Amino acid sequence: MKYSLSSLSYHIPFLFQRSNSVPQLLQLQALLLKTALDHHQFFATQLISSLCRLSVRHAHSVLDRLPFPPSLFAWNSLIRAYAEAFQSTAAFQVFSNLRRFGAGEADFFTYPFVLKACAQSSMLGEGRVVHGLVVKAGMLADSHVRNTLLHLYGSCRTIWCAWKVFDEMRERDVVSWSCMIEACVACSQPSCAVSVFQEMRLSNINPNSVTLVSLLSACSHLTKLKMGRSIHSFILLNNIKLDISLGTALILMYNKCGQVNDSLIVFSSMEGKNLQTWTIMISGFAHHGKGKEAVSLFNQMEAASSLKPDSLLFSAILSACSHSGLVAEGQSFFSTMVDVYRIKPVMEHYGCMVDLLGRAGLVEEAYKFIKEMPVSPNNVILRSFLSACRKHGSVSESNGRKLVEQLLTEEPELGANYVLAADLSSVFGRWSEAFKLRGAVKGRRLKKVTGCSWV
DNA sequence: CTAGGGTTAG
């Protein structure tokens, strides 16, 4: 095709819009070079922002080689693209380059992008630096910037900083409140999240689906079934769309509160489901001893959707099998995972298998499995196996003893391990040893510390 | 061209 220069510059924006591959865009770049239109900032910007959609790397190299200072729009596109590609360090690096070499200052698009990148990777130090620049540039006046700052401190689990930003806000919109609720949940303060929500209602701000996802998460942590149910009715009454996230959060809440039947009702009513949704529903069945239902749901997923099960889903289904004594099914899932889906088993999967065999009383098989695993068993697996030994006996004393020693060496601070060790010594009739081990329980924690500091 | 959300063994 032949274009006159003026008609060419008219057509180029459309060409950009139509290009959906890197080679096509590179061809366009060649065209710009040939026609000297590459010296027009408008086209350069368009090239960079189009490239950002497809290949951040290419976009970056074009920006670096521009013969004139790139537009702020181009810088912003690049930072955003890096943030969206989870390359937070690169996003921050581009932001620094913008400040050093760029023409003009960062604007109220730049800061949300770079802050989002910092939040994603919990880069608190970098985030604080950006916060300082935000203050200096007077950008706190922008609500997007303020809300992203709030999100940053929530993600970095520095709740006091989040509160500071939140308290200093004069105007709070639904995003500000949602971010604050989310920050409380992220910092293991679910009851705080609930209070913030109540305050939000008093301020006459209406929650949206994102707010409710965070709030439901707080309900799950607190097992507040009544509140969870009222959120569910709120959703139904207000015709809030049950999207994947909201539906998943609801199912999770019902799971945690022991109401799997309700989980299933929500699950069935959802239109779109992703892998997480299936995983959560299957693990709900797993936790409530409904192994058969879990297995049938797994098969249903394989048959009815194009989703490919992942490592987490296999953890869930293996756990379902082990809790319901479905030994053959569990073993079959394990080999399907390895042979059909080519997923490399990790500690969790081995743990499920040891648990599956151990609970079923197949102690020797469990021992054999542990010995044949390519990794050394962790505390969880050791405890699971030794509990099986305590219950079903029938492992040779010397083999059991070695694993007990391993457990006590790796986790000497947990009192529960000494209880287990003492019980096993009793099984083998070593009474004095059992007595000594029981003495060691004193002064040690019986449960793991979860690190929850609820207010 | 802008901000916020959910999962896995014991």
Side-chain angles (χ1 to χ4, degrees), chain A residues 45-46 48-50 52-53 71-81 83-84 107-116 119 142-152 154-155 173-183 185-186 207-218 220 243-253 255 273-284 286-287 309-323 330 345-356 358-359 377-388 416 448:
Chain A
T45 301
Q46 203 157 37
I48 290 168
S49 72
S50 307
C52 278
R53 281 186 284 124
S71 64
L72 195 49
F73 190 106
W75 285 105
N76 289 348
S77 304
L78 190 59
I79 295 173
R80 183 178 60 146
E84 274 172 10
D107 66 358
F108 46 81
F109 287 105
T110 321
Y111 288 105
F113 295 151
V114 67
L115 284 169
K116 188 181 181 177
D142 185 84
S143 68
H144 286 85
V145 176
R146 287 192 307 256
N147 290 338
T148 327
L149 270 172
L150 200 48
H151 172 61
L152 166 81
S155 300
D173 57 14
V174 60
V175 179
S176 322
W177 288 98
S178 305
C179 284
M180 196 59 230
I181 291 171
E182 209 273 316
V185 174
N208 63 15
S209 83
V210 181
T211 324
L212 297 180
V213 169
S214 298
L215 194 63
L216 279 168
S217 171
S220 304
D243 62 16
I244 294 188
S245 296
L246 191 54
T248 308
L250 259 179
I251 295 173
L252 193 63
M253 184 278 297
N255 279 355
K273 302 176 181 85
N274 63 12
L275 212 50
Q276 285 178 348
T277 322
W278 290 92
T279 305
I280 292 165
M281 194 59 238
I282 286 173
S283 78
H287 284 299
D310 66 349
S311 175
L312 298 181
L313 183 53
F314 274 107
S315 286
I317 190 69
L318 289 174
S319 142
C321 293
S322 87
H323 285 285
V346 294
M347 198 64 91
E348 280 82 352
H349 302 122
Y350 294 126
C352 288
M353 290 309 283
V354 171
D355 207 49
L356 176 82
R359 272 178 205 268
N378 69 358
N379 312 331
V380 178
I381 294 182
L382 290 173
R383 257 199 304 282
S384 161
F385 174 72
L386 293 172
S387 309
K448 289 202 166 181

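Here is how names work: the chains are called A, B, and so on, in the same order as the sequence lines, proteins then strands, and each is numbered from 1. Since the structure is predicted, the reported quantities are computational estimates derived from the model, not experimental observations.
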(request) Just call it for A:Tyr350: base, sugar-phosphate, or nothing, with non-hydrogen atoms closer than 4.0 Å on any strand. (result) nothing

(request) Kindly point out which of B:dG10, B:dG5, B:dG4 is positioned nearest to the side chain of A:Ser322? (result) B:dG10

(message) A:Cys179 and side-chain contact (heavy atoms from CB on, under 4.5 Å): which single residue from A:Leu150, A:Leu149, A:Asp173 fits?
(response) A:Leu150

(request) Would you check if A:Phe314 stacks with the base of B:dT8, given a 5.5 Å centroid limit and a 30° plane limit, both strict? (result) no

(request) Can you check whether any acceptor in the base of B:dG5 is under 3.5 Å from a donor in the side chain of A:Asp243, or vice versa? (result) yes

(request) Examine the base of B:dA9 for any acceptor or donor lying under 3.5 Å from a partner atom in the side chain of A:Asn379, and report the outcome as yes or no. (result) no

(request) Using a 4.0 Å heavy-atom cut-off across all strands, classify A:Ile244 as base, sugar-phosphate, or nothing. (result) base

(request) Return no unless some side-chain N or O of A:His323 is found under 4.0 Å from OP1 or OP2 of B:dG10. (result) yes

(message) Of the options B:dT7, B:dC1, B:dG4, whose atoms approach the side-chain atoms of A:Val174 most closely?
(response) B:dG4

(request) Please determine, for the side chain of A:Ile280, which listed nucleotide (B:dA9, B:dA3, B:dT7) has the closest atom? (result) B:dT7

(request) Locate the shortest heavy-atom distance separating A:Ala286 from A:Ala316; write the atom from each residue and the value. (result) CB-O, 3.9 Å

(message) Can you identify which nucleotide, out of B:dC1, B:dG4, B:dG10, has its nearest atom closest to the A:Ser319 side chain?
(response) B:dG10

(message) Does A:Asp173 reach a base, just sugar-phosphate, or nothing at all? Heavy atoms under 4.0 Å.
(response) base

(message) The side chain of A:Phe109 is closest to which nucleotide in this list: B:dC1, B:dG5, B:dA9?
(response) B:dC1

(request) Nearest whole angstrom, please: distance from the P of B:dT8 to the CG of A:Asn274. (result) 13 Å

(message) Heavy atoms from C-beta onward define the side chain here; which of B:dG5, B:dT7, B:dC1 lies closest to that of A:Arg80?
(response) B:dC1

(message) Nearest 0.5 angstrom please: A:Met180 CE to A:Ser214 OG, how far?
(response) 11.5 Å

(request) Give one of base, sugar-phosphate or nothing for A:Asp107, where a contact means two heavy atoms less than 4.0 Å apart. (result) nothing

(message) Under 4.0 Å from OP1 or OP2 of B:dA9: is there any side-chain N or O of A:His287 that close?
(response) yes

(request) Report the distance from atom CG of A:Leu386 to atom CD1 of A:Ile381, rounding to the nearest 0.5 Å. (result) 11.5 Å

(request) Kindly say if A:His151 contacts the phosphate of B:dG5, meaning a side-chain N or O under 4.0 Å from OP1 or OP2. (result) yes

(message) Less than 4.0 angstrom between a side-chain N/O of A:Ser245 and OP1 or OP2 of B:dG5, yes or no?
(response) no

(message) Strictly below 4.0 Å: does A:Thr279 bring a side-chain N or O up to OP1 or OP2 of B:dG6?
(response) no

(request) For A:Ser311, answer base if it contacts any base atom (sugar-phosphate contacts may also be present), sugar-phosphate if it contacts only those atoms, and nothing otherwise; contact means non-hydrogen atoms under 4.0 Å. (result) nothing

(request) Just compare B:dA9, B:dA3, B:dG5 and give me whichever is closest to any side-chain atom of A:Ser283. (result) B:dA9

(message) Could you tell me how far apart A:Leu150 (CG) and B:dG4 (C1') are, to the nearest whole angstrom?
(response) 9 Å

(request) Just compare B:dA3, B:dG6, B:dT2 and give me whichever is closest to any side-chain atom of A:Phe113. (result) B:dT2

(message) Suppose we screen for side-chain hydrogen bond (donor to acceptor under 3.5 Å, both in side chains). Which residues come up paired with A:Thr211, at least two apart in sequence or across chains?
(response) A:Ser178, A:Asn208

(request) Among B:dG10, B:dG4, B:dA9, find the nucleotide with the atom closest to the side chain of A:Thr211. (result) B:dG4

(request) Start with the C-alpha distance between A:Leu216 and A:Leu246, add both sets of side-chain angles, then the distance that settles side-chain contact (heavy atoms from CB on, under 4.5 Å), and finish with yes or no. (result) CA-CA 9 Å; A:Leu216 279 168; A:Leu246 191 54; 4.0 Å; yes

(request) Measure from the side chain of A:Lys116, starting at C-beta and using heavy atoms only, and say which of B:dG5, B:dC1, B:dA3 lies closest. (result) B:dA3

(message) Classify A:Asp310 by what it touches in the nucleic acid, base, sugar-phosphate, or nothing, heavy-atom distance under 4.0 Å.
(response) nothing

(message) Between the base of B:dG6 and the side chain of A:Gln276, is one N or O donor paired with an acceptor at under 3.5 angstrom?
(response) yes

(message) I need the CG-P distance between A:Leu152 and B:dG4, as an integer number of Å.
(response) 11 Å

(message) My understanding is that only residues two or more places apart in sequence, or in another chain, count here; which of them pass side-chain hydrogen bond (donor to acceptor under 3.5 Å, both in side chains) with A:Asn255?
(response) A:Ser263

(message) Considering every strand and a 4.0 Å limit on heavy-atom distances, what is the contact class for A:Leu246: base, sugar-phosphate, or nothing?
(response) base

(request) Would you classify A:Met353 as touching base, sugar-phosphate or nothing, given that sugar-phosphate means primed atoms plus P, OP1 and OP2, and contacts are heavy atoms under 4.0 Å? (result) nothing

